[in-house]
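For reference, the structure discussed in these notes is given below.
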Amino acid sequence: MGNCHTVGPNEALVVSGGCCGSDYKQYVFGGWAWAWWCISDTQRLSLEVMTILCRCENIETSEGVPLFVTGVAQVKIMTEKELLAVACEQFLGKSVQDIKNVVLQTLEGHLRSILGTLTVEQIYQDRDQFAKLVREVAAPDVGRMGIEILSFTIKDVYDKVDYLSSLGKTQTAVVQRDADIGVAEAERDAGIREAECKKEMLDVKFMADTKIADSKRAFELQKSAFSEEVNIKTAEAQLAYELQGAREQQKIRQEEIEIEVVQRKKQIAVEAQEILRTDKELIATVRCPAEAEAHRIQQIAEGEKVKQVLLAQAEAEKIRKTGEAEAAVIEARGKAEAERMKLKAEAYQKYGDAAKMALVLDALPRIAAKIAAPLTKVDEIVVLSGDNSKVTSEVNRLLAELPASVHALTGVDLSKIPLIKKATGAQV
C-alpha cells in the first residue's frame with residue numbers, strides 16, 4: 001500500500017526508491033505522485049524566488065581605489081527535468097538559507113573579480129552594464145547548480161576616501177557651469193523674443209491706428225457728403241416754402257377781390273331797393289296834389305333812377321375790371337418772382353462760390369457809390385506832399401487790402417479773380 005502526494009507549483013516533489021531495489025527517481029511540481037510505504041522516499045524542494053544581498057567591502061578597482069559595493073540578486077531553481085535533477089542532487093535536504101549561502105558565495109566571488117577589472121567611473125556611471133557583466137559571468141557557475149539568475153542589480157556604490165564625492169563635485173561644477181550658461185542663453189533668447197514681441201505689438205498697434213484713421217477719414221467724408229445733401233434739401237425746401245407762400249398770398253388777394261366784388265354787388269342791390277322805395281314814397285306823397293306835378297316828378301324820378309342804375313352798373317364794371325387786372329398783375333408778379341428765385345437758387349447751387357462772387361462784384365459799385373456820395377459835394381481836393389510823400393504807397397496799400405476787407409465782410413475771396421490778383425500782386 002502507499003499514499004498519493006500532491007505538490008503546488010512553487011515546490012518540487014522527488015519520489016525515490018521502489019520495489020526490487022529500483023533506483024528510479026520521479027520529479028513532480030504542480031501535480032501529484034504515488035509513493036509506496038516503507039520502500040519509497042519523498043522529499044520536497046522549494047522553487048520560489050530567493051533574494052540574495054551581496055556585499056563586497058573595501059575591494060580595490062583597477063585603479064586601486066577601495067570601494068564598497070552592494071548588489072541584489074533574484075535567483076530560483078530551474079524546473080527543466082535535467083537541471084532540476086542536478087539541483088536536487090546538490091540541495092535536496094538543505095534549507096533555503098543554505099541554498100542562499102552557496103549562491104551568495106559564488107556571486108560575491110565573481111563580483112570581487114569583476115570589480116578588480118573596472119575603473120570607478122565605469123562602475124559608478126554605468127551600473128546597468130556592470131550588473132549585466134556580473135550576471136553573465138556568474139550565470140554558468142550557478143547554472144551548473146541548477147539555479148537560474150533572474151536579475152542582478154547594483155544597489156549601492158560608495159567609498160571612504162571621498163573619491164566618488166570628488167567626482168561628484170567635478171560633475172556638479174560642470175552641471176552648474178552648464179546651468180549658468182543655459183540661464184544666460186535663456187535670458188538672451190527671452191530678451192530677443194521680448195523685443196520681437198514688442199515689435200509685433202507695435203506693428204499691430206500702428207496697423208490698428210492706421211485703420212482707425214482711415215475709418216475717421218471715411219466718416220468725415222461721408223458726414224460732409226450728408227451735410228451737403230442736407231443743405232441742398234434745406235435750400236430747396238426754403239425755396240418751395242417761399243414759392244408756396246407767394247401762391248397763398250395770391251389766393252388770399254384773389255379772395256379779397258372777390259369779396260369786394262360781392263360787397264359792391266350787394267351795395268348796388270341795396271341802392272336799387274332804396275331807389276324803388278324812394279320812388280314809391282314820392283308817388284304816394286306827390287301824386288295826390290297834382291297830376292302834372294306828379295307826372296313831372298315821376299319823369300324826374302324815372303330819369304334819376306335810370307341814371308343811378310347806369311352809374312351803379314358802370315361803377316360795378318369798373319371795379320370788376322380793376323380787380324381782375326390787379327389779380328392778373330399779382331399773379332404774374334408772383335410767378336415771375338417765384339421763377340426768379342428758382343433760377344437764382346439753381347444758379348447758386350450750380351456755380352457755388354462763383355455766383356456769390358458775381359453778387360459781390362455787382363454790389364461793389366453801389367457800395368462804392370454810397371461811400372463816395374459825400375465827396376460829390378466837394379468841389380476840389382488838394383493833396384500836399386513833399387519828396388518823401390507816402391500818398392502813392394498808401395493808395396497802393398488800400399488797394400492791396402481791399403480783397404481782404406471784402407473777404408472779411410462777405411466771405412468772398414476777390415484775390416482769386418485773375419485781374420484783381422494781378423493788380424494786388426503788382427502792388428505787393
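Counted within 6.0 Å of CD on Glu317, heavy atoms from surrounding residues, nucleotides or ligands total more than 12; the atom is thus considered enclosed. Counted within 6.0 Å of CZ on Arg112, heavy atoms from surrounding residues, nucleotides or ligands total more than 12; the atom is thus considered enclosed.
Considering CG of Asp209 and CG of Asp214, their distance stands at 11.0 Å, rounded to 0.5 Å. One distance of note links NZ of Lys76 with CG of Leu150; it measures 6.5 Å at 0.5 Å rounding. With rounding to the nearest 0.5 angstrom, the CD atom of Glu185 is 10.5 Å from the CD1 atom of Ile192. For the atom pair CD of Glu324 and CD of Gln254, the computed distance is 10.0 Å after rounding to the nearest 0.5 Å. Atom CD of Glu248 and atom OH of Tyr241 lie 10.0 Å apart (nearest 0.5 Å). In this structure, NZ on Lys251 lies 15.0 Å from CD1 on Ile330, to the nearest 0.5 angstrom.
Applying the side-chain hydrogen bond (donor to acceptor under 3.5 Å, both in side chains) test to Arg253 and every residue at least two apart in sequence or in another chain returns Glu256, Glu326.
Smallest separation of non-hydrogen atoms from Val137 and His110: CG1-ND1, 3.3 Å. Of all the heavy atoms in Phe152 and Arg135, the pair that sits closest is O-NH1, 3.2 Å. For Cys56 against Leu111, the heavy-atom pair with the smallest separation is SG-CD2, 3.3 Å. Closest approach of Ala131 to Thr153, counting heavy atoms only: CB-CA, 4.0 Å.
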> Going through the distances and angles, do Ile99 and Ile147 end up as a side chain to side chain contact (heavy atoms under 4.5 Å, CB included)?
Replying inline: CA-CA 10 Å; Ile99 299 173; Ile147 294 176; 4.0 Å; yes
>> Applying side-chain hydrogen bond (donor to acceptor under 3.5 Å, both in side chains) to Ser95 and Asp98, what does each step give before you reach the verdict?
In response: CA-CA 5 Å; Ser95 64; Asp98 294 336; 3.1 Å; yes
>> Under the criterion side chain to side chain contact (heavy atoms under 4.5 Å, CB included), I'd like the reasoning laid out for Met145 against Thr106: C-alpha separation, chi angles, the key distance, then a yes or no.
In response: CA-CA 11 Å; Met145 301 177 189; Thr106 303; 3.5 Å; yes
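Proximity of Glu315 to Leu311: side-chain heavy atoms (C-beta onward) are nowhere separated by under 4.5 Å. Put simply, the side chain of Arg247 reaches to within 4.5 Å of the side chain of Gln244, judged on heavy atoms. At a threshold of 4.5 Å between non-hydrogen side-chain atoms, the residues Glu242 and Leu239 count as touching.
Salt bridge status for Lys198 with Glu194: present, with a side-chain N to carboxylate O gap under 4.0 Å. Between Arg277 and Glu274 there is a salt bridge, since at least one side-chain N of the basic residue sits less than 4.0 Å from a carboxylate O of the acidic one. Salt bridge Arg193/Glu196: present, at least one basic N to carboxylate O contact under 4.0 Å.
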